[in-house]
2 protein chains.
Amino acid sequence: MDRRIQKTRKAIFDAFTIMLSRKSYDKITIRDLIEEANIGRSTFYAHFETKDDLLKAMCVDLFDHVFATDLAAEASHDFSVSQRSAKIMLTHILYHLLDDAARLRKIFACESSDLFWQYFRRPFTKLVTEQLLPMANQNALQLPQDLFVDHLTASFGEVVRWWFKTELSAPPEVVEEYFEITAFPLLKA
Amino acid sequence: MDRRIQKTRKAIFDAFTIMLSRKSYDKITIRDLIEEANIGRSTFYAHFETKDDLLKAMCVDLFDHVFATDLAAEASHDFSVSQRSAKIMLTHILYHLLDDAARLRKIFACESSDLFWQYFRRPFTKLVTEQLLPMANQNALQLPQDLFVDHLTASFGEVVRWWFKTELSAPPEVVEEYFEITAFPLLKA
DNA sequence: ATAGATATAGAACAAAGTGTCCGTTATTGT
DNA sequence: ACAATAACGGACACTTTGTTCTATATCTAT
């Protein structure tokens, strides 16, 4: 791929990240971005149609590889196996996040972080439905299924949120333990 | 209070609600609002400094009375009493929400509903800290306290979210039960 | 190394939105 | 009825947006 494109794209992403730490998403103007990125106006529009388009593209850049795991294929009908693979999968995701900590810390600490959590939550919901949902115990079955899924994704989201809020103070294994404490009363058989 | 002020304020709130169901918060312009509300431009600015100011004011109008309960004063050191009063308090909040269902359904169903959940969550966090936190059991104590609070507020938020998503299909008592199933494994002694 | 392709710079543009001001009109509370 | 004041609505300077254009710089493929 053309190195000019790579360079400009990175400059825009970096500028976007910096501006997000300075003001909220809807206060950021295209002018802010091109000045911070030090590029021409028409160059920005050659890469992205709108600010929303940029947001979406950066979320793909941030989160796609995090969930691009083939562990989902390891799903099992045996509870103990499936529970172990779920644990591995979640820890795996946390390590992926840790790999990109420098960028994600800024993103998750920013005023408009909710926008990014939305994009984080969507692919995670898929994994929950496929991996964690079959492990529901009796108590959980009293809940409507969609509420159960919402609850699990929110729980994991909150734990990760807390993790970044505390400057990644705990190792992924401990964070995964915390999630088990909050959510696994509804999962363990 | 001057009836003109009341009338204009309501017109702006209504217009804001309608526009929120049509487009996202940051796409809504002041022009949209004054056209929908059928008021003059300077009139809008006589009431609110900015769009963010309007958002904040409407959230006060929506949520202040919901949490304006003196049940918090009933806190007790006796677990069974405190558990019962917590249950009453939560159900009370759900009934408050039900009273204003017409407006809240539109708000919580809109594209920018996250903005409103933020304002909903803040006062609720206070109640959780004062009422629910003292009821933590052994398992919960393995969690950092701030994570525990985050988890409880998120759980209640998710249940309410689901409630509105399903068009308020269940009565408040059942919704409160659902919250107990998701959160009380960490609360019951 | 060169040539053809293409990304970027930079300026100009109309259209739309912002926030403020001010004189006029209409409505209100007492 | 009258004084107070809220709303109207036009005008203003200013910023942002998204597009278009040409000239220049940089890249890839050969």
Side-chain angles (χ1 to χ4, degrees), chain A residues 1-61 107 110-116 119, chain B residues 1-61 107 110-116 119:
Chain A
M1 188 195 249
D2 197 316
R3 274 176 297 210
R4 290 172 295 183
I5 296 178
Q6 295 174 46
K7 179 190 145 258
T8 299
R9 199 177 154 87
K10 176 165 168 25
I12 294 175
F13 281 169
D14 288 347
F16 189 30
T17 305
I18 289 172
M19 289 312 302
L20 279 165
S21 68
R22 289 213 255 263
K23 47 171 93 171
S24 71
Y25 176 74
D26 64 311
K27 298 280 181 301
I28 296 173
T29 68
I30 308 290
R31 183 174 298 278
D32 288 334
L33 295 172
I34 65 178
E35 274 173 17
E36 184 64 40
N38 198 29
I39 60 167
R41 180 171 198 73
S42 53
T43 305
F44 177 89
Y45 285 106
H47 283 257
F48 305 104
E49 289 185 8
T50 61
K51 201 172 55 168
D52 287 345
D53 191 31
L54 165 61
L55 171 65
K56 203 174 164 183
M58 196 158 89
C59 284
V60 169
D61 197 57
I107 295 298
C110 85
E111 201 182 333
S112 308
S113 59
D114 279 353
L115 286 172
F116 293 91
Y119 280 100
Chain B
M1 189 192 251
D2 197 316
R3 275 176 298 212
R4 289 172 295 183
I5 296 177
Q6 294 174 47
K7 179 191 147 261
T8 300
R9 198 179 156 89
K10 177 165 167 26
I12 294 174
F13 280 169
D14 288 346
F16 189 31
T17 305
I18 290 172
M19 288 313 302
L20 280 164
S21 69
R22 287 213 256 265
K23 49 171 90 170
S24 70
Y25 175 74
D26 64 310
K27 297 280 181 303
I28 296 173
T29 67
I30 308 290
R31 184 174 298 278
D32 289 332
L33 294 172
I34 65 179
E35 273 172 19
E36 184 64 39
N38 198 31
I39 60 168
R41 180 172 196 72
S42 49
T43 303
F44 177 90
Y45 284 106
H47 282 258
F48 305 103
E49 287 185 9
T50 61
K51 202 172 54 166
D52 288 345
D53 191 31
L54 165 61
L55 171 65
K56 203 175 166 184
M58 196 158 90
C59 285
V60 169
D61 197 57
I107 294 298
C110 84
E111 200 183 333
S112 308
S113 59
D114 279 353
L115 286 173
F116 293 91
Y119 281 100

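Quantities reported herein were computed from a predicted structural model and do not represent experimental measurements. Letters go in sequence order (proteins before strands), and every chain restarts at 1.
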* Asked: Do B/Thr29 side-chain and C/dG17 base share a donor-acceptor contact under 3.5 Å?
  -> no
* To do: Quickly work out the B/Ile34 CD1 to C/dA16 C1' distance and round it to whole Å.
  => 13 Å
* Does a nitrogen or oxygen in the side chain of B/His47 sit under 4.0 Å from OP1 or OP2 of D/dA6? -> no
* Asked: Counting just side-chain N and O atoms, does B/Arg41 come under 4.0 Å of either OP1 or OP2 of D/dC8?
  -> no
* Taking atom NZ of B/Lys56 as the centre, report whether more than 12 heavy atoms of other residues, nucleotides or ligands fall under 6.0 Å from it. => no
* Can we say A/Lys51 and B/Asp26 salt-bridge, meaning some charged N sits less than 4.0 Å from an Asp/Glu carboxylate O? -> no
* To do: To the nearest Å, give me how far apart CG (B/Asn38) and C1' (D/dG9) are.
  => 13 Å
* In plain terms, say whether A/Glu36 and A/Arg22 are close enough for a salt bridge, that is, a side-chain N and a carboxylate O under 4.0 Å apart. => yes
* Please report, rounded to the nearest Å, how far the C1' atom of D/dT15 is from the CD1 atom of B/Ile30. => 15 Å
* Do any side-chain nitrogens or oxygens of B/Thr43 fall under 4.0 Å of OP1 or OP2 in D/dA6? -> no
* What is the distance, rounded to the nearest whole Å, between atom OH of B/Tyr45 and atom P of C/dC22? -> 17 Å
* Structure fact -> Residue pair B/Arg3/B/Thr50 against DNA chain C: nearer the 5' end by closest nucleotide is B/Thr50
* Report, as yes or no, whether the 6.0 Å neighbourhood of atom CD on B/Glu49 holds more than 12 heavy atoms from other residues, nucleotides or ligands. => no
* To do: Decide, yes or no, whether a salt bridge links A/Lys10 with A/Asp14 under the criterion of side-chain N to carboxylate O below 4.0 Å.
  => yes
* To do: Nearest whole angstrom, please: distance from the C1' of D/dT15 to the NZ of A/Lys27.
  => 15 Å
* Structure fact -> 5'-most contact on DNA chain D (nearest-nucleotide basis), A/Arg31 vs B/Ala46, goes to B/Ala46
* Assess whether one donor atom and one acceptor atom, taken from the side chain of A/Arg4 and the base of D/dT26, lie less than 3.5 Å apart. => yes
* Structure fact -> B/Phe48 CZ to C/dT18 P, in whole Å, measures 16 Å
* Asked: Rounded to the Å, how far apart are B/Glu49 CD and C/dT18 C1'?
  -> 14 Å
* Nucleotide nearest A/Ser42 when distance is taken to its side chain, options C/dT8, C/dA9, C/dC21 -> C/dA9
* **A/Asp32 CG - D/dT16 C1' separation (whole Å)** => 10 Å
